[in-house]
Amino acid sequence: MRNPDNSFFEDVYDVVRQIPKGRVTTYGAIARYLGTGMSARLVGWAMNASHGKNVPAQRVVNRNGLLTGKHHFPPGSSMKKLLEMDGLTVKKDQVQKFEEVFWNPEELSKGQY
DNA sequence: ACGGTGACCACTT
DNA sequence: TAAGTGGCCACCG
């Protein structure tokens, strides 16, 4: 859940951490969930600061399912490999069956037992 | 306090 | 179909 006390970044991290295995989400989805509206840039920017945190940023892709931020990942950690480890299929930096594995943060409000 | 920046999104040529 | 431009909001110097 969102901690108003935390910064926007923490909110983003919290959401990303709750992404189920084998699922991915988009910047826009997170942004909208947090109420940032159309400013998905903030989410992407937040991910930029996710280095050193326990945040699976590889599960966060753009709305096209394209691994735009793969180039930003630390060397050695292949975003593609990480996603494949989750059971996803990545081809040419693009998540296959993206619509199937897409996970909407709104599910947290709905099915968070 | 102000401006620049950013792993985006959407619309328009 | 592809490329270009604007808008949007929060963090940093």
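Letters A, B, ... mirror the listed sequences (proteins, then strands); counts begin at 1.
Side chain of A:Arg59 to backbone of A:Ile19: a donor-acceptor contact under 3.5 angstrom is found. Not one N or O on the side chain of A:Asp86 forms a donor-acceptor pair closer than 3.5 Å with the backbone of A:Leu88. A distance-only check finds no donor-acceptor pair linking the side chain of A:Ser50 to the backbone of A:Lys53 [under 3.5 Å].
Projected onto DNA chain B by closest heavy-atom contact, A:Asn62 and A:Leu42 fall at different nucleotides, the more 5' of which corresponds to A:Leu42. Between A:Arg41 and A:Trp45, it is A:Arg41 whose nearest contact on DNA chain C lies nearer the 5' terminus.
For the pair A:Arg32 CZ and C:dG7 P, the computed distance is 21 Å after rounding to whole Å. Remark: P of C:dC8 and CG of A:Leu34 are 19 Å apart, rounded to the nearest angstrom. C:dC9 atom C1' lies 16 Å from atom CE of A:Met47, rounded to whole Å.
Within 4.0 Å of A:Phe9, counting heavy atoms only, lie sugar-phosphate atoms of the nucleic acid but no base atom. Among the protein residues, A:Tyr27 comes within range of the nucleic acid bases, having at least one heavy atom under 4.0 Å from a base atom. A:Asn48 comes within contact range of at least one nucleobase, with a heavy-atom separation under 4.0 Å. No engagement by A:Ala46 is indicated, since no non-hydrogen atom pair under 4.0 Å with the nucleic acid exists.
Hydrophobic clustering, with ILVMFWY side chains joined whenever heavy atoms are under 4.5 angstrom apart, keeps A:Val24 apart from A:Val55.
Test A:Thr36, A:Val16, A:Asn104 against A:Ile30 for side-chain contact (heavy atoms from CB on, under 4.5 Å) and you get one pass: A:Val16.
Smallest separation of non-hydrogen atoms from A:Leu66 and A:Asp93: CD1-O, 3.1 Å.
Interface limits on DNA chain B: the 5'-most and 3'-most nucleotides within less than 4.0 Å of chain A heavy atoms are B:dT5 to B:dA10.
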